[in-house]
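Below is one structure, written out as structure tokens, with a few remarks after it.
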Amino acid sequence: MKYQIMLKILMQLLSKKKITAKEIAERYEISVRSVYRYVEELIVCGVPVDVARGRYGGLTVADTFRLPTGYFTRDEYAAAINALDAMASQVHDENIITAREKLESRQKNERTGSSVSGNIIVDGGTWGDTKKFSDKMLVVEQAVNEAKSLMVDYISREGEHSRRVIDPHVLIFKQNVWYVYAFCHTKQDFRTFKIGRIKQASFTGRTFEKREISRKEIPLDFYYSTDKLIAVTLEIEKASLADAEEWLGIDNIEPRGKSFVADVTLPDDSQLVGKILSYGGAVKVLSPKSLKEKVLAAAQKIIEQSL
């Protein structure tokens, strides 16, 4: 009985924007305390239930959450819909009709792991990320297309966790990374958010008036100001040329003798050192001297830790 109620609570959360623990308790004739206990177990199982207390509080599930692909097979969807059709023809109950509509809608919206737009397939997630990134992309893409506000849980580069309402205007793809340019209600200004740093995203139920934005208005340097960029010259072995071209861009690499050289401007942070080391010696820093010393120190630390 317990797990049947937990499953019903999950389905109810997936079908509604927000519901209170009191409403659930009254519907299933259990205590409010039991509702919270069941919700805690759902959270342990990986369901991102947000519990907001207070006058305007309630229980919600992020719109980025999806039941696992294959939760229902195509035949099971069809069988369930047919059964509800048969019931609706015999019993006039609005709940049966709405249940059928929701099930049919979920069947149509069931997707594979990638966002599809026209002739382009976008899958910016890491290998084995179980569709989490793609689900976020679908929600953000819909928010941009339909001018819908989002409530996002965002973790900044500095590790700061915040919840904020944003109005997504434009999707940006740069250096193999997806961003969204949005008006942030917390900062009362436009900001660029890295989609990979959005932990959860949910529709607020509100729409917004899109502002006309020119390309020049969007700060495409994102987190890096000019004092955090560094001019770098790298020597690249032929065996790693293809990977380096994807990283630095084909136009920035030229042949020189038996190897290749790239003159580029890059963010001066710890990720740069790690990226260079990831090539296992196939990418050598020619300048500046400060970067050469950082790479050398990091390599020596790796050696010491491996002994």
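- Taking 4.5 Å as the limit, some side-chain heavy atom of Phe183 sits within range of a side-chain heavy atom of His185.
- Under the 4.5 Å side-chain criterion, counting only non-hydrogen atoms from C-beta, Val32 is in contact with Tyr36.
- Residues Arg191 and Cys184 approach most closely at CG-CB, 4.2 Å, considering heavy atoms.
- Just one residue in the list Lys199, Arg163, His161 forms a side-chain hydrogen bond (donor to acceptor under 3.5 Å, both in side chains) with Asp153, and that residue is Arg163.
- Scanning all heavy atoms of the two residues, the minimum distance from Ile213 to Tyr181 falls at CD1-CE2, 3.8 Å.
- Hydrophobic clustering (side-chain heavy atoms under 4.5 Å, transitive across Ile, Leu, Val, Met, Phe, Trp, Tyr) keeps Leu150 apart from Phe208.
- Put simply, Met151 and Ile43 are part of two different groups of oily side chains (I, L, V, M, F, W, Y) that touch within less than 4.5 Å, one to the next.
- Side-chain N or O atoms of Lys294 include none that pairs as donor or acceptor with a backbone N or O of Val273 at under 3.5 Å.
- Separating the CD1 atom in Ile230 from the CG atom in Leu291 is a distance of 5.5 Å, to the nearest 0.5 Å.
- With a 6.0 Å radius and a threshold of 12 heavy atoms from other residues, nucleotides or ligands, Glu29 has its CD atom at or below the threshold.
- In this structure the side chain of Leu234 reaches within 4.5 angstrom of the side chain of Val285, judged on heavy atoms.
- Heavy atoms of other residues, nucleotides or ligands lying less than 6.0 angstrom from CD of Glu254 number 12 at most.
- Below 30°, between 30° and 60°, or above 60°: for Phe193 and Tyr154 the angle between ring planes is above 60°, a perpendicular geometry.
- A donor-acceptor contact shorter than 3.5 Å is absent between the side chain of Tyr28 and the backbone of Val35.
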Worksheet item: Does the pair Ile24 and Tyr38 meet the rule for a side-chain contact (heavy atoms from CB on, under 4.5 Å), with working shown?
Response: CA-CA 11 Å; Ile24 294 175; Tyr38 292 163; over 6 Å; no
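- Within 6.0 Å of CZ in Arg33 there are 12 or fewer heavy atoms belonging to other residues, nucleotides or ligands.
- Placement of Ile155 and Trp178 in two distinct hydrophobic clusters is found when ILVMFWY residues are connected by side-chain heavy-atom separations under 4.5 Å, directly or transitively.
- Lys210 places a side-chain N or O within 3.5 Å of a backbone atom of Val144 that can act as its donor or acceptor partner.
- The local environment of CG in Asp189 is crowded, with over 12 non-hydrogen atoms from other residues, nucleotides or ligands closer than 6.0 Å.
- Residues Ser156 and Arg197 approach most closely at O-NH1, 3.2 Å, considering heavy atoms.
- Note that OG of Ser162 is 8.0 Å distant from NZ of Lys187, once rounded to the nearest 0.5 Å.
- Checked by atom type, the side-chain pair Ser240/Glu237 shows no donor-acceptor distance below 3.5 Å.
- Atom CG of Leu241 is separated from atom CD of Glu246 by 10.5 Å, given to the nearest 0.5 angstrom.
- When the options Thr60, Ile9, Val61 are evaluated for a side-chain contact (heavy atoms from CB on, under 4.5 Å) with Val49, the one that passes is Val61.
- Rounding to the nearest 0.5 angstrom, the gap separating the OG1 atom in Thr233 from the NZ atom in Lys292 is 10.5 Å.
- Taking CG from Leu42 and CD from Glu40, the interatomic distance works out to 10.5 Å, rounded to the nearest 0.5 Å.
- When hydrophobic clusters are built by joining Ile, Leu, Val, Met, Phe, Trp and Tyr residues whose side-chain heavy atoms come closer than 4.5 Å, directly or via intermediates, Ile302 is grouped together with Leu272.
- Atom CZ of Arg211 and atom NE2 of His169 lie 7.0 Å apart (nearest 0.5 Å).
- Side-chain contact between Glu217 and Phe190: absent, with no pair of heavy atoms (C-beta onward) separated by less than 4.5 Å.
- The heavy-atom pair separating Pro255 from Phe260 by the smallest distance is CA-CD2, 3.5 Å.
- Ala262 approaches Ile253 most closely through the heavy-atom pair CB-CG1, 3.9 Å.
- Closest of all the heavy-atom pairs between Pro168 and Ala182 is CA-CB, 3.6 Å.
- Put simply, the side chain of Ile195 reaches to within 4.5 Å of the side chain of Leu171, judged on heavy atoms.
- With contacts defined as side-chain heavy-atom distances shorter than 4.5 Å, the pair Leu266/Leu248 qualifies.
- Hydrophobic cluster membership differs between Val261 and Val232, with clusters built from Ile, Leu, Val, Met, Phe, Trp and Tyr side chains linked at under 4.5 angstrom.
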